[in-house]
**Q** 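Below you'll find the structure I mean.
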Amino acid sequence: MKLWTACLASILMLFATAASGQKVADLYEQVKTAYQAGDHQKTVDLCNQIIRQCEQSYAEPECRYTDVMKNVYLYKGFSEYRLYTENDDLELLTEAIQSLQQSYTLYGDPDVAFNFGYMKTLRAIKIQQGDQLDGLVAAWDGILGLYADNEWKLNADLIKKLKIFVKQAVELTITPPDTAYTTGRFASFMVRLACDLAEKGSLSSEDRLFFDVYRKRATEDNFNLRGNEWRARGFAAEETFKNTPDDYNYRTTRTYLELALRYANSVERQVEILKELTKVALYMEQNSTDRQSESELLYAREKAAQAYRLLVERRPNISMELEDEIKKVYGNAIYRLVDYYFSLADSTDRLNAYYKARRVGEELLVPDRSGGWRQKFKWDGYEDLYLRLADVGYETGDAVFAVDMVDKAWKAALRANRVSQSQICSGIEPEKASNLVPFVDVYQQIARRFGLQTVLHWLRPIRTCLVTQANLSLLGNQK
Amino acid sequence: MNRLTMKWMVFCVVLFAAVSLQAQVPGVESDLERLMIRYEEKVLQAYQEKQTLAHQPNAHLEFAAFDSIVSAYTKRVLEIYETLNRIKGFTLENYRQIASRSLIFRALAFVENPQLDPVKARRACEDYRRALLLTKSSKIPIISQKLPYEVWIDHRLYTRLADLLDERDYRRVLLGCMHNIKESGKP
């Protein structure tokens, strides 16, 4: 038995010797050939064989040559990376990083530093660890080294690397949103450094635009790269959503914008995103076949109300333009929800639907000085909300509310059309007259229902004038 | 063409070559000096940027990343300083001051983290000592000189490194380094 074991051991030894019999120099030549031929697995195997052989027998001269060994690790690292791109196996990426780091330790090539930095960041993004910043540090060290190697001038390759660096810094900062533990300030700083460096070279218009855009994203909203990037992605998704308003695009846009809201620093930015979310939900409700009207409208109302609350609390921080937009989307969201409940009255419990519509509308109403109600603010289209609420009052039989609302709707319509009541019969533009006719019609309808004879007496000549003017427009169009 | 003209031409060519060579060396120096100043600005920029995270909880990974960037730029300032030293055989006061300030900023970056890393503290001491050694011939110590730029931290303006050291090295690590030298007698 002992004899057999000894025989087996000697045979194994013989095989091992035969296997390691090849010289490192020959193996190195084979590695070069395999690498150039794109045979990555063979390159890795041969490099591993060289490394093992050198660990066992340091006597071979190639094992002591820095130029040979740094290349062995380099070929191994790059081949492992290629294999990783084919198989998506993270272990291969980790191996590649280690190999390149080993090569860099032997020979401080900045290009290698950039590459393993890039791979480290890629790994951090893949494993969703937004706080692993050492890849960015290594890649930046590599870029500075390459810049020095190139006599402190930028060439096309360096600009390409800077762009890769910027994209990775951004991706790392936002990936994934729930585990991005950093404040994003470091990544923002690195993006700004990269933009500073890029601006020292002569850039094509496309590259200049790229760096300008990312500098802006790294600077705006108190250097809030993360929030700004989500905002940019949200706006881009919104464009796609408007072209194809389906559920997927809607969810994507909402997710990005909600992340932008979550990471927004300033009140102005929060308000802007809330406004955008409202617009997206309203658009979905109006244009998509996948819509769930009530939930989209409720969502829009909620976001718009949040924006308005911020506007009221922190008005000095918000521009006039943004203020007007918020009021418009808030008013619009309320109007659409009122309209939605109003239209439900056809199919469901009538009174309940009207009361629901009224309750929603009342969110925008405050008492006025004459014992009635007025809207909290004027917005572009506020006369329509008054008119719809007047309809609600009519249907529910609330005379005071209906008359109050229709009167305000009529006055708001006059104001919106820049027409004075006294002018109507002395001639106004036909288009304005046609705009005003529905208001006076509802007014008359309400006056009739609640027996307001004097109001009817007052409105009759006004309606006649408006209809005459509007018919003129109709005739003009027909001609 | 007579021989005299030929001689003149050769003389002119040699003279031109000599002048060009002479002119090239200061060109390299001024380029390096410009780069050194630019990199010192980056050291300061990274240092100041790091300060914006001072009140952020759990920013230790970002602190470490900023330290690496401050260190990367300081390393390059020192490389340029060494190169200028090799070109000339000596260095100007200005170069020494730039190198020294960069070292002090790096030392400060290392010691003011909420958790003091002993390795970084040791490196900070080395930087601080080296900075003081570099400028020991200055009439006014480097830390007491007026800085050539403004340093703003937490809405406070610092115009001398001494003020920064007093405020930012709140554990007195760097002061301790010099104290240890005096006690042991080693530089």
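First the proteins, then the strands, lettered A, B, ... as listed; each starts at 1.
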**Q** Below 4.5 Å from any heavy atom of chain A, which atoms of B:R38 appear? Answer side chain, backbone, both or neither.
**A** side chain
**Q** Is any side-chain heavy atom of B:K42 closer than 4.5 Å to one of A:L197?
**A** no
**Q** Where on B:A64 is there a heavy atom nearer than 4.5 Å to chain A: the side chain, the backbone, both, or neither?
**A** neither
**Q** Given that the side chain runs from C-beta out, which part of B:L61 has a heavy atom under 4.5 Å from chain A: side chain, backbone, both or neither?
**A** both
**Q** Considering only heavy atoms, which portion of B:K50 lies under 4.5 Å from any heavy atom of chain A: side chain, backbone, both, or neither?
**A** neither
**Q** How about A:K216: does its NZ atom have over 12 heavy atoms from other parts shown lying under 6.0 Å from it?
**A** no
**Q** At a heavy-atom distance under 4.5 Å, which candidate from A:L136, A:D134, A:L193 has the highest pair count against chain B?
**A** A:L193
**Q** How many angstroms lie between CD1 in B:I69 and CG in A:L144, if you round to the nearest 0.5 Å?
**A** 7.5 Å
**Q** Please check if the number of heavy atoms outside B:R172 that lie under 6.0 Å from its CZ is greater than 12.
**A** yes
**Q** Give the C-alpha distance, both sets of side-chain angles, the deciding distance and a yes or no for salt bridge (charged side-chain N to carboxylate O under 4.0 Å, His left out) between B:R76 and A:D141.
**A** CA-CA 10 Å; B:R76 281 176 168 82; A:D141 211 33; 3.0 Å; yes
**Q** So B:E62 and A:R185, salt bridge (charged side-chain N to carboxylate O under 4.0 Å, His left out) or not? Walk me through it.
**A** CA-CA 8 Å; B:E62 280 178 279; A:R185 190 79 187 210; over 6 Å; no
**Q** Around B:Y158, counting heavy atoms of other residues, nucleotides and ligands shown, do more than 12 lie under 6.0 Å from its OH?
**A** yes
**Q** Between the side chain of B:Q56 and the main-chain N/O of A:T183, is any donor-acceptor distance below 3.5 Å?
**A** no
**Q** How close do B:E49 and A:F189 get, counting heavy atoms only, and between which atoms?
**A** CG-CD1, 3.5 Å
**Q** I would like to know whether A:W152 and B:L32 meet side chain to side chain contact (heavy atoms under 4.5 Å, CB included); could you show each step before the answer?
**A** CA-CA 10 Å; A:W152 297 284; B:L32 288 179; 3.8 Å; yes
**Q** Are B:F63 and A:F186 close enough that their ring centers fall under 6.0 Å?
**A** no
**Q** If you measure from CG on A:D196 to CD on B:Q45, what distance do you get to the nearest 0.5 Å?
**A** 6.0 Å
